[in-house]
Amino acid sequence: MFSITKKMKAVIFVVATLLAVCAPTFGKQCNVSPVNIPKQWITMQQSCRSSMRRQIQMEVAASLQYLAMGAHFSRDGINRPGFAKLFFDAGSEEREHAMKLIDYLLMRGELDTDVTSLIQIRPPERKSWESGVDALEHALKLESEVTKSIRSVIIACESDPKFNDYHLVDYLTGEFLEEQYKGQRDLAGKASTLKKMMDRHSSLGEFLFDKKLLGMDI
Amino acid sequence: MTMFGFALACILAVSGAFAADTCYQDVSMDCGQASNSLALPRCNAVYGNYGRHGNVATELQAYANLHLERSYEYLLSASYYNNYQTNRLGFSKLFRKLSDDAWEKTIDLIKHVTKRGDMMDFSRRSTQEEKSEKNYTVELHELESLAKALDTQKELAERAFYIHREATRNSPQMHDPEIAQYLEEEFVEKQADTIRNLAGHTADLKKFIVANNGQDLSLALYLFDEYLQKIV
Ligand SMILES: [Fe+2]
Ligand SMILES: [Fe+2]
């Protein structure tokens, strides 16, 4: 009863096509048009902005490098869960640093454009480490480079002839450099304790230090 | 060990017939040898042909990398929706949540790769991935960005299905219930919820866009954003 012949099918198809073509063509607006807001409050300068953007990328790269360290010390043949935890946590911290810098840019009226290009994901440079000491020393080197880079952001942001960005410079000095110096001291202290423990009893020293990093008392 | 026993052990080791016993054989052959090194190559966490047959091991690494990339892409979307022009804190929160979840899963996957005796390779890509896929943009309007979120979440979910299938059905020499249950417990269930929620959001926005000849849209987006701030 409801079987449709080929001919009927063809007719239905033609009618449907005609309807589609002749449908009233009012464009559907799926978004709200952008509005104009005065811009004189947006005061960050180009060299400061671009060095901040580079810094964000550097924090992201550091986060990936720490993940690679976490991965290395998680391996069955390496088996240093304390080191793995230390470095996985460090990776998440670097991600948080990137987010804090992004939030700062947003507060200052930045990142309304060119957001996609802010971060690139590239595999971390180094994949394996000789020992726990080797990784701690590598981490210390990495942090020193980050510190140096933050200092260069500060220089770019305070020495712009048109605008000394006091507030950003204060933020970077007070929050970021503070954390860098504390972090570096912590890594250096860990490396030196471990190195001393390993002086004569290298494998036992690293084993014990690893459990200490896990928060275990043995 | 007798000569016959030793020969038998070697044959068995090569054929892998008693895979579970081979660490012990490494130990009994190497301990007491003149050299002071101890290789014990088979005293590892690899079992059940993980990494030896099929592509589950490499796909799991690629899955970690996909989560890592998505995590930072979602973070950029969250940032974009928090600028003074877009100023959609609810959308920002939604993407931030997706980013946090993907980051957490990245670390969890890396740990799982090493749990199964493998190494993590951060440049590993999935065979399922299309070459031209690197086109995530964040400068999108609300509905477009939800569409991207929905599509990419489906991709993650379907990739989990794919790895699950490779671990259980596709390879005659690879049946890995541990990977299957890991995916089921840590990924599959939650992904269904996330996808359903995102699809629901697009359904709501769709209605606002067509309703009342589009007159509702700007107020609807404002209210919907307030709503997202409460529920995410
Ligand atoms: Fe940092
Ligand atoms: Fe750091």
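Proteins get letters first, then strands, A, B, ... in listed order; numbering begins at 1 in each.
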- Item | Side chain, backbone, both or neither of A:Ile78 within contact of chain B (heavy atoms, under 4.5 Å) | neither

- Give the C-alpha distance, both sets of side-chain angles, the deciding distance and a yes or no for side chain to side chain contact (heavy atoms under 4.5 Å, CB included) between A:Leu111 and B:Tyr80. CA-CA 7 Å; A:Leu111 295 180; B:Tyr80 177 69; over 6 Å; no

- If one checks every heavy atom of B:Leu76 against chain A at 4.5 Å, the contacting part turns out to be both

- Kindly compute the distance separating OG (A:Ser128) from CE (B:Met119), expressed to the nearest 0.5 Å. 6.5 Å

- Query: Under 3.5 Å, is there a donor-acceptor pair linking the side chains of B:Ser99 and A:Arg95?
  - Reply: yes

- Item | Contact class of B:Val210 relative to chain A, heavy atoms under 4.5 angstrom | side chain

- Query: Can you tell me how far the CG atom of A:Asp103 sits from the OG atom of B:Ser79, to the nearest 0.5 Å?
  - Reply: 7.0 Å

- Query: Atom CG in B:Asn213, atom CD in A:Gln29: separation rounded to 0.5 Å?
  - Reply: 12.5 Å

- Message: Between B:Asp118 and chain A, with a heavy-atom cut-off of 4.5 Å, which part of the residue counts as in contact: side chain, backbone, both or neither?
- Response: backbone

- Message: Looking at A:Lys211, I'd like to know if its NZ atom is crowded, meaning that more than 12 non-hydrogen atoms belonging to other residues, nucleotides or ligands lie closer than 6.0 Å.
- Response: yes

- Query: Within a radius of less than 6.0 Å around NZ of A:Lys39, do more than 12 heavy atoms belonging to other residues, nucleotides or ligands occur?
  - Reply: yes

- Message: For A:Gln120, I'd like to know if atom CD has over 12 heavy atoms of other residues, nucleotides or ligands within 6.0 Å.
- Response: yes

- Query: Out of curiosity, B:Ile110 CD1 to A:His72 NE2, how far, rounded to the nearest 0.5 Å?
  - Reply: 14.0 Å

- Item | Straight-line distance of A:Leu118 CG to B:Leu75 CG, nearest 0.5 Å | 8.5 Å

- Message: Tell me if the CZ atom of A:Phe207 is crowded by more than 12 foreign heavy atoms within 6.0 Å.
- Response: no

- Item | Heavy-atom pairs under 4.5 Å with chain B, option from A:Ala98, A:Gly109, A:Pro34, A:Ser33 with the top count | A:Gly109

- Query: With a cut-off of 6.0 Å (strictly less than), are more than 12 heavy atoms of other residues, nucleotides or ligands near NZ of B:Lys154?
  - Reply: no

- Query: For B:Thr86, is it the side chain, the backbone, both, or neither that has a heavy atom closer than 4.5 Å to a heavy atom of chain A?
  - Reply: neither

- Query: Of the backbone (N, CA, C, O) and the side chain (C-beta and beyond), which part of A:Asp114 lies under 4.5 Å from a heavy atom of chain B, both, or neither?
  - Reply: backbone

- Message: Which one wins on heavy-atom pair count under 4.5 Å against chain B: A:Val60, A:Asn79, A:Ile37, A:Ile42?
- Response: A:Val60

- For A:Ser74 and B:Thr114, work out which heavy atoms get closest and say how close. CB-OG1, 3.2 Å

- Note on the structure: Here the gap from B:Trp103 atom CH2 to A:Met99 atom CE, rounded to the nearest 0.5 Å, amounts to 9.0 Å

- Message: Under the criterion side chain to side chain contact (heavy atoms under 4.5 Å, CB included), I'd like the reasoning laid out for B:Tyr81 against A:Leu106: C-alpha separation, chi angles, the key distance, then a yes or no.
- Response: CA-CA 10 Å; B:Tyr81 275 105; A:Leu106 290 166; over 6 Å; no

- Note on the structure: Counting heavy-atom pairs under 4.5 Å with chain A, the top scorer among B:Gly214, B:Ala64, B:Gly117, B:Ser71 is B:Gly117

- Under a 4.5 Å heavy-atom cut-off, does chain B meet the side chain of A:Arg122, its backbone, both or neither? neither

- Query: Where on A:Ile119 is there a heavy atom nearer than 4.5 Å to chain B: the side chain, the backbone, both, or neither?
  - Reply: both

- Item | B:Lys111 to A:Phe88 six-membered ring, cation-pi geometry met (6.0 Å, 45°) | yes

- Applying side chain to side chain contact (heavy atoms under 4.5 Å, CB included), run through B:Ser77 and A:Val115 and close with a yes or a no. CA-CA 8 Å; B:Ser77 287; A:Val115 183; over 6 Å; no

- Query: Using a cut-off of under 4.5 Å for heavy-atom pairs, which of B:Leu221, B:Leu143, B:Leu68 has the most such pairs with chain A?
  - Reply: B:Leu68

- Query: Under 6.0 Å from the CD atom of A:Glu130, do we count more than 12 heavy atoms belonging to anything else shown?
  - Reply: no

- Sidechain-backbone polar pair: A:Asp76 side chain, B:Ala45 backbone, donor-acceptor under 3.5 Å: yes

- Mark yes when over 12 heavy atoms from residues, nucleotides or ligands other than B:Arg124 sit less than 6.0 Å from its CZ; otherwise mark no. yes

- Query: Contact part of B:Asn87 toward chain A, heavy-atom cut-off under 4.5 Å: side chain, backbone, both or neither?
  - Reply: neither

- Query: Would you say the side-chain atoms of A:Thr113 and B:Glu139 include a donor-acceptor pair closer than 3.5 Å?
  - Reply: no

- Item | Neighbour count >12 (heavy atoms, 6.0 Å) for atom CZ, A:Phe163 | yes

- Note on the structure: On a heavy-atom basis, the closest approach of A:Ser92 and B:Ile107 is OG-CD1, 3.6 Å

- Working for side chain to side chain contact (heavy atoms under 4.5 Å, CB included), residues A:Leu67 and B:Phe122: CA-CA 10 Å; A:Leu67 288 192; B:Phe122 286 85; 4.0 Å; yes

- So, does A:Thr116 use its side chain to make a donor-acceptor pair with the main chain of B:Val138 at under 3.5 Å? yes

- Item | Test item: side-chain donor near acceptor, A:Ser63 and B:Tyr72, under 3.5 Å | yes

- Query: Considering all heavy atoms of both residues, which atom of B:Gln85 and which atom of A:Val35 are nearest to each other, and what is their separation?
  - Reply: OE1-O, 3.4 Å

